[in-house]
Amino acid sequence: MKKWVLFSFFIICSFFTNGQDYTDIVRLNVSRANFEDKGKTFDTDVTNVNFEVIYPKIINDDLILLTGLTVEHTSLDFSSVSSNQNLIMTRLNAGVKINHSEKWSGTYVVLPKLASNFENIGSRDFQIGGIALLDFQYNDNVRGKFGLYSSSENFGTIITPLLGFFYRSANKKFHMDAVLPIRLEVNYKLYNHFSLGLDLRTSVKSYNLVDQDVEFYAQEESVRVGFYGSYELFDDSLLIRAKFGLDTTDYGVYASDDTSGVQLLTFTLNNDERIRLNSEFDSALFLGLDFIYRFDISSKK
């Protein structure tokens with residue numbers, strides 16, 4: 001059932017896939033929720049901190065180099081008998097954005113990462129992914145996006161087709177920006193420096209875990225949708241957002257050699273006969289804060 005919930009939300013990527021004329025140079029997202037398992041046998045506080053930094057180097061009108069770093073930390077218990085776990089992901093982001101023609105551009109990024117509890121780091125901690133996204137500019141306010149994301153994970157390989165759009169109203173007060181099925185943002189500016197919006201982030205990834213020389217992994221299937229109020233400072237380059245919403249993230253624990261093969265979105269392409277070692281998590285409300293430093297590309301060209 002939860003996979004269908006995830007898939008439904010998924011039709012709504014990272015900061016590299018923005019289609020607008022700005023790039024979020026620095027993002028710091030902090031959220032906290034209390035999860036129960038579906039059997040209601042235990043509950044755990046889950047704290048998630050995500051930090052992203054990107055440096056876009058404009059070479060000329062047709063080429064932008066993209067380099068950056070993403071660090072994410074999640075703290076939680078997997079079950080009533082487990083100790084507190086720290087899920088840590090560090091990812092390098094390296095790629096280019098190329099203007100292929102007047103209407104078409106492409107973003108191509110390689111995403112190597114380490115994802116584990118960072119104890120006895122080895123080959124199982126290393127994963128690599130990539131994203132290719134084409135952007136079609138219909139006009140200054142409407143754009144379409146088409147692409148593919150893939151990554152090696154502890155459970156196998158995930159493949160995600162991408163379809164997106166960007167829309168901005170003529171008065172520039174309202175915009176929608178989405179790369180389906182990974183990210184959606186809807187924003188309406190009420191006053192000069194204050195806006196209201198909806199933000200949805202999804203991900204499927206895994207963490208290699210070592211506990212007293214026993215290896216297993218956690219598969220995270222995450223959907224966080226929140227409503228926020230945003231205040232903008234320094235000519236709208238610094239954004240501070242207070243967020244409230246629903247978190248349906250699930251953390252499944254499996255033995256390290258128990259894999260599912262190729263996965264399309266949240267669905268395996270063959271029979272998933274893995275044995276889950278913990279109970280499924282139920283959804284929960286969350287509170288969050290976002291701090292964003294935004295870079296206006298159009299003003300720098």
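For the single chain, residues carry numbers from 1 onward in sequence order.
The aromatic rings of F281 and Y251 sit perpendicular, their planes meeting at an angle over 60°, well past the 30° parallel limit.
Around OH of Y293, the count of heavy atoms belonging to other residues, nucleotides or ligands within 6.0 Å does not exceed 12. Other residues, nucleotides and ligands contribute more than 12 heavy atoms inside 6.0 Å of the CZ atom of F126. Under a cut-off of 6.0 angstrom, the local environment of CD1 in I275 is sparse, with at most 12 non-hydrogen atoms contributed by other residues, nucleotides or ligands. Around atom NZ of K173, no more than 12 heavy atoms belonging to other residues, nucleotides or ligands sit under 6.0 Å away.
Here R294 does not pair with E232 in a salt bridge; the nearest charged N to carboxylate O distance is not below 4.0 Å. A salt bridge links D250 with R276: at least one charged nitrogen is closer than 4.0 Å to a carboxylate oxygen. In summary, E185 and R241 engage in a salt bridge, as defined by a charged side-chain N under 4.0 Å from a carboxylate O. Salt-bridge annotation for D177 and K145: present, with a side-chain N of the basic residue lying under 4.0 Å from a carboxylate O of the acidic one.
Here the side chains of V210 and S116 are not in contact, with every heavy-atom distance at 4.5 Å or above. Looking at heavy atoms from C-beta onward, F216 lies out of side-chain contact with N278 at the 4.5 angstrom threshold.
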>> Pair S105, Q137 - check side-chain contact (heavy atoms from CB on, under 4.5 Å), show working.
In response: CA-CA 8 Å; S105 63; Q137 182 171 330; over 6 Å; no
>> For a side-chain hydrogen bond (donor to acceptor under 3.5 Å, both in side chains) check, start with the C-alpha distance between N93 and T70, then their side-chain angles and the critical distance, and finish with the verdict.
In response: CA-CA 8 Å; N93 313 288; T70 302; 3.3 Å; yes
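Looking only at atom types and distance, the side chain of N154 has a donor-acceptor partner in the side chain of Q127 under 3.5 Å away. Counting only N and O atoms by type, the side chains of T249 and D247 include a donor and acceptor under 3.5 Å apart. Side-chain N/O atoms of S75 and N84 include a donor and acceptor closer than 3.5 Å. A donor and an acceptor atom, one from each side chain of N117 and N86, are nowhere located under 3.5 Å apart. When only modelled atom types and interatomic distance are considered, N48 and E72 share a side-chain donor-acceptor pair under 3.5 Å. When only modelled atom types and interatomic distance are considered, S195 and N187 share a side-chain donor-acceptor pair under 3.5 Å.
With sequence neighbours excluded, no residue forms a ring pair (Phe, Tyr, Trp, His ring centres under 6.0 Å) with F165. Residues forming a ring pair (Phe, Tyr, Trp, His ring centres under 6.0 Å) with F174 (at least two apart in sequence, or on another chain): none.
S260 places a side-chain N or O within donor-acceptor distance of the main-chain N or O of F155, the cut-off being under 3.5 Å.
Taking the six-membered ring wherever Trp is involved, the centroid distance between the rings of F244 and F227 does not fall below 6.0 Å.
By the 4.5 Å side-chain criterion applied to Ile, Leu, Val, Met, Phe, Trp and Tyr, L239 is assigned to a cluster that also includes I292.
Between V49 and the choices T74, L28, V71, the side-chain contact (heavy atoms from CB on, under 4.5 Å) rule is met once, by L28.
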